[in-house]
Structure formats: C-alpha cells, structure tokens
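A short write-up of the structure that comes next.
Predicted model only: the values in this text are computed from it and were never measured.
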Amino acid sequence: MPEAPSPEAGASPAHARHRGRRGLRRLRAVLDRILPDPDARGSRVSRRPPSLVYGLDDAVPAPALVPLAAQHAMLAVTFLIYPVLAATEARLPADQVSSMLSACAMSIGLATIIQCLRSRFGSGYLAVHIPAPGAIPLAVQALSIGGLGLMAMTTLLVGICQLFVARLVRPLRVLLPPEVCGVAVSMLGVSLASPALRRALGLDHGPQVMETAAMASLATVGIIVAVTVFAPRRLKLFAVFAGAGLGWALALFLDVGQPGADAAIAAAPLVALPALTLPSFTFAPSLFPLMALLVLMNLVDVLSVTVSLEKMNDADWRRADMPAVQRAVTCCGIGNILNGLTTGFQAGLSSSSVGLAFATQSTARVIGVLAGVMIFAIAFLPKAIVALTLIPSPVIGGILLYTSAYLVVAGMDLVTSRRLSERRVFVVGLSVLAGLSVALLPLTRQLPAALQPLFSTPLSAGAICAIALNLLFRIGIAQEAAEKVPDTAHAFPFVRDFLEQQGDNWGARRDVIAAAIPTVAQALELVMDSGIAEGPVELRARFDETHLDVFLLYDGEVVEAPKERPSPEALLGDAREQAAFAAWMLKRLSDHVHFGRSGGRARIALRFDH
C-alpha cells in the first residue's frame, strides 16, 4: 500500500499560515503568563501633581531633554567606583578592571532603557540602573576564589533568581502596606546618609582635608537646594548640573580632587570596543547564602525606589502598584543576566536618580531612555568612564546628601498617609530604631557571618523588621467587624465612632474613612428614618487593603434605587420617594452600591476603593 502523506506535506499555504498564527498565539499566551502585559489589566488612572515640569508621558523638548538625561547618566556612571573598589580589594589587574567597567556600563545602559520603556519587561518609570554597592562583598569573595569568571557566574545566577522572585511580588501586596513601604523608603535615605557624610566631610582622606572637603560639599548641596527652591521653574531642571559644576570647580581649586586623576585619564584610550568575556560556568556553593540575601535585598530596594517614583507621579497615590514593582524586579534580573554574560558587575536601581528627578521635577520616561543610551555609549569611551569615576568625592557627597534628605521625608509622608493604631505605631517605631541601630552601632559584626549582609545597612535591617512586625501584629486583627445599631443612636456619631475605630485597627487611609463616614451615615438614616427596617439594624464593615466594604443589614423591604435622577420635589414627597432620592445619592457618593438581600435579610452594600 502506498504510504499516506503526512499532514505537513499536503498542507496548503493557508493551512500553514493558520498553523503559524496559532503558534504565535500560544507563544503570546505563554508570555502573558510569565511576563504579563502592563496594559492588559487596566492600569489605574493617576492624577499628575501640579508641581511636575515634565510628567511621565510628556514629550520633553531637546534643549531640556539632553541636559536632564546627561545629569542622570553622569550620576550613574560615577557609581562605577563600586566595581573599582571591589576590584582593588581583590587586586585585579588593570586591564581586567577596564573590561569590567566597560561591560558594566554597557549592561546598565541597556537595562535602564528597558526599565524606562513601559513594556512587559520594565516598570515604565524613570528608574536608572547603577552598580549595586551591596554586591561588593560577594564580588570580592568571588574574585578572590575564581576571578572574573566566577564573579560573572554569581551575577548571572542572581539575575536568573530575580526573574523567578518577580513572580512572587504581587501576592506580597497585603504584606507591604504603605507604612512598611514608608519605613523602607526612609531607611533608604538613612542608608545613603553614612556614605554621603563620609564623602562630604572627607573622612576617608584624613583630618587635613576635612575643612576643604566640607566647603566643596556644602557648596554643591547649597546650590542644588537654592536652585530647586528659589529659581524659576525652568532653571530647576539644571539644579544638579549647577551644584555639581560649582562644587567640582571649588574642589579642584581647594585641591581636594582625586589624586592622580590627570595621569589616569591620560592613560585611558579615547575610544575602544569593550573587551567582553563569558562567565566561567563554575560554582562556589559557599557563596549561595550571600547570593540569596542579595536577591532579597534587591527586592526591598526595588520596592522602595519604585514606590517613591509612583508617589512622585501620582498626586492621589494610594498603595504600591505591585505589577510595576514586578516588572521592575524582572528588568533588574535581565540587567544582571546581561552583566553576568559580559563579565560586568551586579547592578540595581539608583535611589540617587529619584532625588535628582525630585530636584528637577521631571519624571518623563524619555529622559531615562536617553540617559540609558548615554550610559551605553560611554562603554565605548574609556577616557570618559575614568573621568566620571574620578569626580571629587565631596561633590558626590553633596548630591547624596540632597537625595538622602528627600528620601527620609518621602518615607515619613508614606507612613503618615495611614491611620496609625497602637500596633502600627510599634511597627514603624521599632523598625526605624532597628535601622538606626545598624547605622549608629557596630552591631553587624556581632551577628553570624551568614546573616551579616542581611543586616549590613539600615535599609535591609529596617525593612526586614517592618515586614516581620507587620506579620506579627496582624495576629488578632479581624478583617471584618459588626455592631448592632441602638434604636436611640444618632446616625452620624455612631457611624463615625465605628468606622474610625475600625480604621485605626486596620490602618485604613484617613481620606477613605473620612469619605465613607457621611455616606454610610446617610444610608443608616435612610433605613432608620424611612421606616423600612422592621427591627434592629446591623452595621458591618470589611477591609482587605484594596477596598473598604460597609454593609447595612435589616429585616424589611429592599430599597429600590431609581435609574434616573429623581426630581428635587421628591424630598417633599412621602417616605418612599424620599428613600428613592437618598438611594440615588448613595450611588453618587460611593464607588459602588448594591441593594439586595443576604441570608434572608435586606442589605445595602457600599464599597469604597482604598
């Protein structure tokens, strides 16, 4: 018998196209499950703060775009000093140090571009990638054990782990309320304070330069603050440029620049292709615990930076946008995979760029995209890399002081956006003290070696303490509360006392509770005064971090809400007409209202978005 032709052999061109489209649909479905599209779930609409000069989606004209992006790029490249410190500690040869710097600049430039583009892979905010200072201990150990190849392999593994950890971000929203995020943001500012003050006061260069270093740093931060506060709106865009330029000139005049800077710049070539090498694909199991801690620290750091950027772009900010945080962590993983494949240095998000965006009141994502292009281009300019890593330390200290001050205040603002019960007061207070204890006392050395990186900075210690205490103090808090309404109760005082007490217990936002009180009081008056309730009325409330639901349960008729607006004369009609007008008003005052029955009892359900 002749062999039957295979389906592929006899497939028509139309059938082949159909199979191809079906394959693309399957691939897209897989991508939607792994890296969901940010526009697929209807992102919340944010209200632009009036103080912003250039908002998230604004088109920035070239005369302002280029210097704004250059400020971010310049600040990011200065942090290449971190891989230089790690390489110096491990006594790496000069040619390998140059190769690592070029690879790192190229990778963080690409990661910044991806991060700023609103896609499956980036948060869409002006978030700039920089070499991570917390990765220095891991890099030193890896370089000492196995050289550049092992360091690249550890960076690659950290990036892969971050891709998987990104999938765990959304379920964590209930564990990361604004007060926990606020502690993390404030401690991020405190973490910057120590390196900022050391650089600003020249503590690493001996007492003989402290006075001149302080003058250069004070000039830098003073000009930034003066331009930010007093200059016309358009000149605020160049606050950091002005402060860094004046501070750099003053530092050179006072002879507090980097020693040997001229020789180092002269020795570097002007243009050169990066010398990229692959990782060695060797493993050191002793480094795995430290790698796991760095993945966790990066998650907390990304959350802090992303929340700060969200709040800067949304005048009505309510809670962390966890899908955006997930995409930010994903992009960090992609960036570290690139660093690992090119023998670069582990990277993360820059908190300093947040302070720079605040100083310029410009958060347009196109600024970050161009900054990423500039950072990528610098990878081919070794002389520029060397020059930017040799910016006088007091100048960098002045910029970091400004950033630290902004982050501390921004975190406090997040904390006070919620009603603070006794439980939440201790969550915030004890966590802040835990973070400050790391900054003020030499506690890290008293811990086991495996835990030292986790408590090495105020950010890590404060954030971990806040998360743990938030979990602990949630025990015993009912997410639903109910109370019978006495016949003699006045609607407004009774509802006010009930919702304020439960709002304190749950840590609900003050403005949501304030908006709910008169609306619920009106619903209670509708039930009690119209005579539709046959017996006692029960007031019940439920809270789940995203919604506040309030229910009125009673025996009697279900309220019929009119589909069209009643005439004002209905207020002068009988009880049924007055009830219909009040029901229509409830539809206007709450985010959602439903009139129906539950368990055989009539019910009015009011929902307020949180």
Point to revise | Asn339 side chain vs Gly335 backbone, donor-acceptor pair below 3.5 Å | key: yes
Practice item. Please report the C-alpha distance between Val432 and Ser186 in whole Å, then the side-chain angles of each, then the deciding distance to 0.1 Å, and finally whether the side chain to side chain contact (heavy atoms under 4.5 Å, CB included) criterion is met. Key: CA-CA 8 Å; Val432 170; Ser186 290; 5.8 Å; no
Check your understanding: Looking at side-chain heavy atoms only, is the closest gap between Leu370 and Val366 below 4.5 Å?
Key -> no
Exercise for review: Just grab all the ring pair (Phe, Tyr, Trp, His ring centres under 6.0 Å) pairs involving residues 334-359, residues at least two apart or on different chains.
Suggested key: Phe358-Tyr406
Check your understanding: Going from CZ on Arg120 to CZ on Arg327, what distance comes out if it is rounded to the nearest 0.5 angstrom?
Key -> 11.0 Å
Point to revise | Test side chain to side chain contact (heavy atoms under 4.5 Å, CB included) applied to Cys332 and Val302, step by step | key: CA-CA 9 Å; Cys332 285; Val302 169; 3.7 Å; yes
**Study point:** Separation of Leu163 CG from Thr330 OG1 (nearest 0.5 Å)
**Key:** 6.5 Å
Review point. Any donor-acceptor pair under 3.5 Å linking the side chain of Gln115 with the backbone of Tyr125?
Key: no
Study note, to complete from the structure: One should read off an interatomic distance between Leu401 CG and Thr220 OG1, to the nearest 0.5 angstrom, of 9.5 Å
Study note, to complete from the structure: Applying salt bridge (Lys or Arg N to Asp or Glu O under 4.0 Å) to Lys383 and not counting sequence neighbours gives none
Review point. Donor-acceptor pair, Asn336 side chain versus Ala347 backbone, under 3.5 Å?
Key: yes
Review point. Can you list the residues that meet the side-chain hydrogen bond (donor to acceptor under 3.5 Å, both in side chains) rule with Thr363, with sequence neighbours excluded?
Key: Asn313
Practice item. For side chain to side chain contact (heavy atoms under 4.5 Å, CB included), just list the numbers for Cys331 and His129, CA-CA rounded to whole Å, side-chain angles, deciding distance to a tenth of an Å, and then say yes or no. Key: CA-CA 10 Å; Cys331 187; His129 286 240; 4.0 Å; yes
